Structure formats: structure tokens, C-alpha cells
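Worksheet for the structure shown next.
Note that this is a predicted model, so its numbers are computed, not measured. Just so you know, ligand 1 is whichever comes first in the structure, and atom 1 is the first atom listed for that ligand. Sequence positions, counted from 1, serve as the residue numbers for this chain.
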Amino acid sequence: MEKYVSVKDIEEAALSILPKSARDYYKSGATEEQTLAENKLAFQRLRIRPKSLIGVSHCDLRTKVLGHDVSMPVGISPTAMQRMAHPEGELANARAAQAEKTIFTLSTIATSSIEEVAEAAPDAIKWFQLYIYNDREVTKNLVLRAEKAGFKAIALTVDTPLFGIRRADVRNKFTLPPHLRFANFEGFLSTKIRSTESGSGLNKYVENLFDKSLTWDDVKWLKSITTLPIIAKGILRGDDAVKAVQAGCSGILVSNHGARQLDGVPATIEALPEIVEAVRNYNVEVYLDGGVSTGTDVYKALALGAKMVFVGRPALWGLTVGGQAGVQRMLNIFKTELEYTFQIAGTPTIADITRDMVRHESTYSK
Ligand code: FNR
């Protein structure tokens, strides 16, 4: 894996290996993919302002998330159907997170089940990403299984009443390969995605089965059935962040679903400051995902107030090139780049990284 020196190296290798349908599904954003590009470009518009002669012989990336110790502020976001990237799919991804002592988030529509992941990576800090189905018994069952299997939080995705338009999936009539299934379900719900004649099979699955009528009251319902902390995943507005806290969420994941839902929404790093400010006086942790591909990206998010950053596609690319070892390589590249950034920026611990460490490029051009 040493030949991969950057996350981009891993991405390029993965894109050259994956079959078209899976590659397009993993890399696509919604419609024109403007936000997909912006998720990355917006990081580049921020400048780091290093401090000199601080004394950085001790450098510490560790942090605590919802009370759990992690080795660095980079974890793994939920992405569906990981066995299209590697035969061990989610199991390999969770084992990589376990080995690197960070968080792994399992998708509701994963190709490995809650129990399989728990068995494969018993010591990983695991979160379960939840889509709420029309059938509340099905939904409740997922939550109770995650709780029983030792998952530590529920990441409720709040940006997906239906799936965004991903044109490549429409063209490819995207569907799950026949040897795979949605492993958290039995029967109909595990294979229903296959029955498509035109358009994206995944979008049809979601349209039929996900509950489009969800409101913040449903978070209260979720709280009534579990003792696990709930994270609202997919927040892009300060007022929504406040509503999430008022509904009982312990964490806010600033996310635009990897730019796959609605094109034209802000890059997540652009949305982050508004949300951090809105919940400043509440006891809630704020995280970010979307377009994070270097250690300096992670650093910028920390400076703007994120407690932890997550990556979706980079883990899929790591899985594709080398299963567990590929994901570990990806995480280690982040770790090395972060260690360099912490030291050269003169902020050897997370507590040192204050808001003034980063400035928008526009403030330099005046
Ligand atoms: C996702 N994402 C996602 N989110 C979620 O809540 N449930 C899911 O099942 C999925 N599935 C999924 C599949 C694929 C292929 C991608 C790329 C993304 C969104 C994901 O959790 C995360 O928000 C983004 O991936 C973060 O952006 P980056 O790191 O991929 O740029």
C-alpha cells in the first residue's frame, strides 16, 4: 500500500479498477455536480495561518467523541453497498477503523449486517446510520439490533426524504449486483432494489420504502425507543441545528450527503461556521463530512469548530484498492498529513487549534 502517497492516489487507482456501474454510483453527485466540486474547492479557499516557535516536540491528535476516545479526528461516514468495492465490504472497513482506533458508521442499506459487523470488529467504535422506513416496526428493529450489538450512536440521516437525482445511476439503471443484498433485512426489503426496468433502481427502492413525511417529532419517537445518543446527519442550516438539539440530538453532522442530494447547496465547510455559531450555547458536538481529502482539510474543519471529521468516498477507494489494508492506508495518510499540519502550524494539540488559525482567501486580497 506504500505506493499510495495521497488520498488522491488511492482514488485514482480505485476509479481505474471499479466496474462502471459501481464506480459511477460511488463517485456521482446530484444533477450538475456543482456542489460535488465545491465541497473540495471551498477548502482550498481557506488559508492556514501558522504560528512560529511554539515548541511542537509533543504532538497529539487524540480526541473524545460522545465520550469515546479516538486516535485522531477522522472517522468513517456511512456509505451503502460496500461489497461492490471489495468482497469483505463493510467488515473490512470496520476492521480498519478498529485497527486505527476511530469511528466506523454502518449504513442502513449496507451489504453486511449489523451483527456481522459487530462480530468482525467487536472493539471498533461503531455508529449505526438510520433511514426511517414507512414501516416503523422495521425501523425500530434496526435500532434495537444496533443497540444490542454494541453500536454507540444512531446517526439519523435528515437530508433524505428521497434520493437525489444522480444521472449516471439513471443511465446505468443502477441496481445491486445479483450476488449482493441489503444485509440488514430479510426477504423483500433485502432484494427489492433489483426490480427496475428503467431509471435508478435505488431511487425506486427509496421512494417506495422511506418515510417522506418525517418531521422533528419523529426524532422524539426515535429517542423514545433507544437510549443511544442520536446524531442528526445532513444539517446545513443553523436553525435546523437548533431544532435538532431541541429534539434531543447529541451531535450534529454537517453534511450534504457527499453532494448527492441537492445540487447548489453549500459546501459543508462553508456551512459549518453558521452551525457552530447557532449551537454555541448548547451541549452538543458538531462534526463535518464532505470533500475532505487531505490533512489540511481536516485541520481547517477543526479550526472552524468541528469536533470530528468523517470521510465517505475515501474509505470506498481504500476498500477497492486493498480491503482493510487499503482503508488503513487511507487513514494513515490522513494521520501523517495531520501530524505535519499540527506541528508546522504551531498547534500541537486539538485544543490549540483556534478559529484564528484559518482565514478565507478573500481577506488577503483586499
Ligand atoms: C453516501 N452517503 C450516505 N449517507 C447516509 O446517511 N447513508 C448512506 O447509505 C449513504 N450512502 C452513500 C453512498 C455513497 C456511494 C456515497 C459517496 C455517500 C453519504 C456519506 O455518509 C457522506 O455524507 C459523504 O460520503 C461524505 O462526503 P465524501 O467524504 O464522500 O466526500
Side-chain angles (χ1 to χ4, degrees), residues 7-8 10-11 14-15 18 21-30 33 35-43 74-85 89-90 93 103-112 127-133 142 153-164 166 168-169 174 176 182-184 193 200 202-203 205-206 209-210 230-236 252-262 265 267-269 271 287-294 297-298 301 306 308-320 327 330-331 334:
V7 173
K8 192 154 199 275
I10 299 178
E11 172 173 352
L15 291 176
L18 283 165
S21 173
R23 180 178 68 225
D24 285 354
Y25 169 68
Y26 288 158
K27 78 178 170 66
S28 291
E33 302 189 336
T35 300
L36 186 64
E38 285 296 326
N39 266 356
K40 288 195 169 166
L41 291 172
F43 279 111
V74 182
I76 297 175
S77 277
T79 54
M81 299 177 254
Q82 296 178 3
R83 284 184 199 244
M84 295 193 307
E90 293 83 1
N93 207 350
I103 298 168
F104 170 76
T105 315
L106 180 69
S107 168
T108 288
I109 49 175
T111 43
S112 312
W127 290 359
F128 182 70
Q129 176 271 327
L130 183 69
Y131 285 130
I132 296 190
Y133 281 60
L142 289 171
I154 301 292
L156 173 68
T157 302
V158 298
D159 59 13
T160 308
L162 67 172
F163 268 14
R166 302 145 195 179
D169 294 348
F174 175 73
L176 199 55
F182 287 154
N184 283 322
I193 179 177
S200 163
L202 182 60
N203 282 44
Y205 175 92
V206 167
L209 298 171
F210 287 13
I230 296 167
I231 295 145
K233 174 177 184 289
I235 298 285
L236 290 172
I252 306 284
L253 175 45
V254 178
S255 173
N256 53 27
H257 210 114
R260 293 159 74 80
Q261 284 299 93
L262 188 61
V265 303
T268 51
I269 193 69
Y287 323 116
L288 169 140
D289 74 19
V292 176
S293 57
T294 64
D297 293 343
V298 177
M308 180 88 177
V309 162
F310 292 85
V311 294
R313 293 183 186 85
L316 292 171
W317 311 144
L319 268 186
T320 305
V327 179
M330 177 278 291
L331 289 170
F334 273 113

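Nearest to atom 11 (N) of ligand 1 among the protein's heavy atoms is A80 N, 3.1 Å. With hydrogens left out, the protein atom closest to atom 4 (N) of ligand 1 is K233 NZ, 3.0 Å, a heavy atom. In terms of protein heavy-atom proximity, atom 31 (O) of ligand 1 is nearest to G291 N, 2.8 Å. Looking at atom 19 (C) of ligand 1, its nearest protein heavy atom turns out to be H257 CD2, 3.5 Å. Of the protein's non-hydrogen atoms, the one nearest atom 23 (O) of ligand 1 is D289 OD2, 2.8 Å.
Remark: the T268 side chain and the N256 side chain contain no N/O donor-acceptor pair separated by less than 3.5 Å. Residues Q82 and S112 bring no donor and acceptor atom of their side chains to less than 3.5 Å of each other. Under 3.5 Å, the side chains of Q261 and D159 contain no donor-acceptor pair of N or O atoms.
Classified by interplanar angle (parallel below 30°, tilted 30° to 60°, perpendicular above 60°), the ring pair H257/Y131 is parallel.
If you number the atoms of ligand 1 from 1 as listed, the ones under 4.0 Å from a heavy atom of T157 come out as 5 (C), 6 (O). Near G290, meaning under 4.0 Å from one of its heavy atoms, ligand 1 places the atoms 26 (C), 27 (O), 31 (O). Residue-ligand proximity, G258 to ligand 1, at heavy-atom distances under 4.0 Å covers atoms 23 (O), 24 (C), 26 (C), 27 (O). In summary, the atoms of ligand 1 found under 4.0 Å from a heavy atom of S255, numbered by their order in the structure, are 23 (O). Numbered from 1 in the order shown, with element, the atoms of ligand 1 that lie under 4.0 Å from a heavy atom of L316 read 15 (C).
Across the listed options R313, K40, R260, R260 owns the non-hydrogen atom lying nearest to atom 16 (C) of ligand 1. Proximity annotation for atom 5 (C) of ligand 1: of W317, Y131, F310, Y25, Y131 comes nearest, heavy atoms only.
Between S107 and ligand 1, a contact under 3.5 Å exists for at least one N or O pair. On a distance-only criterion, Q129 and ligand 1 share at least one N/O pair closer than 3.5 Å. Here's the thing with P78: one of its N/O atoms is less than 3.5 angstrom from an N/O atom of ligand 1. Ligand 1 has an N or O atom lying under 3.5 Å from an N or O atom of G312, backbone or side chain. Ligand 1 has no nitrogen or oxygen under 3.5 angstrom from a nitrogen or oxygen of V311.
For the ligand labelled ligand 1, residue T105 lies outside the 4.0 Å heavy-atom shell. Residue-ligand proximity: V292 is placed with every non-hydrogen atom at 4.0 Å or more from ligand 1.
Rounded to the nearest 0.5 angstrom, L288 CG and I252 CD1 are separated by 12.5 Å. Note: F310 CZ to Y287 OH = 6.5 Å, rounded to the nearest 0.5 Å. Taken to the nearest 0.5 Å, the CG atom of L130 stands 5.0 Å off from the OG1 atom of T108. The structure places CG of N39 at 11.5 Å from CD of E33, a figure rounded to the nearest 0.5 Å. Atom CZ of residue R260 and atom CZ of residue R313 lie 5.5 Å apart, to the nearest 0.5 angstrom. The OG atom of S293 lies 12.0 Å from the CH2 atom of W317; values are rounded to the nearest 0.5 Å.
For the pair R23 and Y25, the cation-pi criterion (under 6.0 Å, within 45° of the ring axis) is not fulfilled.
A salt bridge between E11 and K40 is present, with a side-chain N of the basic residue lying under 4.0 Å from a carboxylate O of the acidic one.
Between Y205 and F182, a ring centre-to-centre spacing shorter than 6.0 Å is recorded.
Neither the backbone nor the side chain of K27 comes within contact range of ligand 1; no heavy atom lies under 4.0 Å. Contacts between T79 and ligand 1, counted as non-hydrogen atom pairs separated by less than 4.0 Å, involve both the backbone and the side chain.
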